[in-house]
Amino acid sequence: MQTISENTCFGGVQGVYNHRSESCACDMTFGLFLPEEAQNGPVPVLWYLSGLTCTHENAMTKAGAQGWASEAGIALIFPDTSPRGDDVANDAAFDLGQGAGFYINSTQKPWSDHFQMYDYIASELPDLVFTEFSLDRDRQGITGHSMGGHGALTIAMKNPDRYRSISAFSPICNPVASDWGKKQFEAYLGNDSEEWKSHDATHLMASHGISSPLLIDTGTDDQFLDLLMPESLGEAVLRKRQEAVIRMQPGYDHSYFFVSTFMEDHIDFHADALYGDRE
């Protein structure tokens, strides 16, 4: 692992690091904010998964999360959204290829050579950061925006004992029924739409549910609302009788202005779970 930068931030340190990923067979970059409390021992962790076209840097610089995380004594991890490099497959469209990993393991060529983002986020990167930094593996939460909200929800439901809290900003809720999903799943996973359901938050909610508290915010003026399909996930939550808070925020769109507006709420939500006694 190499240190790209470290900057003092709200009494803590905002770092950017690079390492060779075995899962993705390329170099990967991630951001990590450590609050001041990390100097005295392991601190809770909140994973933030970003959306289409983003790198590790977008949320790190635009979401306004570090100040609230500093107050709560929580570390933030900002992974990249896909493998990158000259030898990594790509596509001219913004919603496929580099910047659009969808947090799944691809099984189809040419994507399968590098696009193993589920393994990277769920296994490889956690093993690295919990070895190298003062972080508490037993106190993790996960959140994300758009494609990253899809990733946060699906990864949490596939690892039910790992995350004490789950939230999402304008997540892609039902990708098997959306153009933000069908296109990518066919490319990455092949034509078997039944296989796609294991990577879909609505279908996973119906079959698995979530044991930890859940918070979702989406803007009523989100320009991609028809692609996000929050109503599908809401119906699955009701059928599952799942504990959840799902809010439609009047007038807000899909941008980081929306994310930063409600970041304090989400950090507080995670802090309550990460510092509370787990039953």
Side-chain angles (χ1 to χ4, degrees), residues 1-51 53-88 90 98-101 103 114-145 147-148 151-152 155 162-163 256 259-260 263 267 270-271 274:
M1 189 184 73
Q2 296 180 333
T3 300
I4 296 176
S5 63
E6 289 183 332
N7 298 94
T8 301
C9 180
F10 290 99
V13 176
Q14 176 61 65
V16 177
Y17 308 94
N18 179 272
H19 71 106
R20 184 70 182 177
S21 167
E22 293 185 6
S23 301
C24 298
C26 66
D27 290 344
M28 296 290 286
T29 302
F30 67 93
L32 169 66
F33 171 73
L34 287 173
E36 187 175 7
E37 288 85 346
Q39 298 176 20
N40 301 317
V43 294
V45 178
L46 178 59
W47 294 84
Y48 183 101
L49 306 185
S50 290
T53 76
C54 291
T55 69
H56 69 282
E57 191 173 22
N58 295 72
M60 189 179 78
T61 58
K62 295 180 179 179
Q66 291 91 337
W68 305 118
S70 176
E71 287 191 11
I74 292 173
L76 301 168
I77 301 176
F78 304 99
D80 203 346
T81 57
S82 79
R84 297 182 190 273
D86 292 340
D87 61 340
V88 176
N90 202 9
Q98 295 186 36
Y103 304 101
H114 298 280
F115 282 72
Q116 304 296 315
M117 285 300 294
Y118 176 83
D119 284 351
Y120 178 69
I121 297 296
S123 181
E124 183 179 10
L125 187 56
D127 286 346
L128 175 66
V129 296
F130 286 114
T131 299
E132 296 290 338
F133 299 99
S134 185
L135 304 173
D136 188 344
R137 188 184 285 267
D138 293 328
R139 291 186 291 168
Q140 298 183 64
I142 191 166
T143 188
H145 175 227
M147 178 185 73
I155 291 172
R162 179 176 302 183
Y163 305 101
Y256 272 101
V259 172
S260 61
M263 182 56 70
I267 296 289
H270 288 283
L274 295 174

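Just so you know, residue 1 is the first one in the sequence shown, and it goes up from there.
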Test side-chain contact (heavy atoms from CB on, under 4.5 Å) on W47 and I155 and set out the steps. CA-CA 11 Å; W47 294 84; I155 291 172; over 6 Å; no

For a side-chain contact (heavy atoms from CB on, under 4.5 Å) check, start with the C-alpha distance between R84 and T55, then their side-chain angles and the critical distance, and finish with the verdict. CA-CA 10 Å; R84 297 182 190 273; T55 69; 3.5 Å; yes

Report the C-alpha distance between Y17 and F133 in whole Å, list the side-chain angles of each, state the deciding distance to 0.1 Å, and finish with yes or no for ring-ring contact (aromatic ring centres under 6.0 Å, His included). CA-CA 12 Å; Y17 308 94; F133 299 99; 5.0 Å; yes

I267 vs L76, side-chain contact (heavy atoms from CB on, under 4.5 Å): CA-CA, chis, key distance, verdict: CA-CA 10 Å; I267 296 289; L76 301 168; 4.2 Å; yes

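Side-chain atoms of S70 never come within 3.5 Å of backbone atoms of Q66 as a donor-acceptor pair (strictly under, hydrogens ignored). Side chain of Q140 to main chain of R137: a donor-acceptor pair is present (N/O by atom type, distance under 3.5 Å, no hydrogens or angles). H114 places a side-chain N or O within donor-acceptor distance of the main-chain N or O of C24, the cut-off being under 3.5 Å. Panel note: side chain Q14, backbone C9; no donor-acceptor pair is recorded below 3.5 Å.
At a threshold of 4.5 Å between non-hydrogen side-chain atoms, the residues Y256 and S50 count as touching. The closest side-chain heavy-atom distance from I74 to P35 is not below 4.5 Å. In this structure, V43 and L135 have side chains that are in contact, with non-hydrogen atoms separated by less than 4.5 Å. Residues M60 and V16 form a side-chain contact, since some pair of their non-hydrogen atoms from C-beta on lies under 4.5 Å apart. With a 4.5 Å cut-off on side-chain heavy atoms, L274 and D136 do not count as touching. Between M1 and F30, some side-chain heavy-atom pair lies under the 4.5 Å cut-off.
Between the CD1 atom in I142 and the CD1 atom in I121 there is a gap of 7.5 Å [rounded to 0.5 Å]. Between the NZ atom in K62 and the NE2 atom in H145 there is a gap of 10.5 Å [rounded to 0.5 Å]. The CG atom of L49 sits 8.0 Å away from the OG1 atom of T143 when rounded to the nearest 0.5 Å. We find the CD-OG1 distance between E36 and T8 to be 10.5 Å, quoted to the nearest 0.5 Å. The OG atom of S82 lies 8.5 Å from the OH atom of Y103; values are rounded to the nearest 0.5 Å.
Across R20 and C26, no two heavy atoms sit closer than the pair NH1-CA, 3.2 Å. Across all non-hydrogen atoms, the minimal contact from V259 to A63 is CG1-CB, 4.1 Å. The two residues G51 and T81 come nearest to each other via the heavy atoms O-CG2, 3.6 Å. Residue Q98 comes nearest to V88 through the heavy atom pair NE2-O, 3.0 Å, listed as atom of the first residue, atom of the second, then distance. For A75 against L34, the heavy-atom pair with the smallest separation is CB-CD2, 4.1 Å. Across all their heavy atoms, D80 and C54 have their closest contact at OD1-O, 3.7 Å.
Checking Q116, M28, H19 one by one against E124, the side chain to side chain contact (heavy atoms under 4.5 Å, CB included) holds for a single residue, H19.
Judged purely by distance below 3.5 Å, without hydrogens or angles, the side chains of T29 and N18 pair a donor atom with an acceptor atom.
Relative orientation of the F78 and Y48 rings is tilted, given thresholds of 30° and 60° on the angle between their planes.
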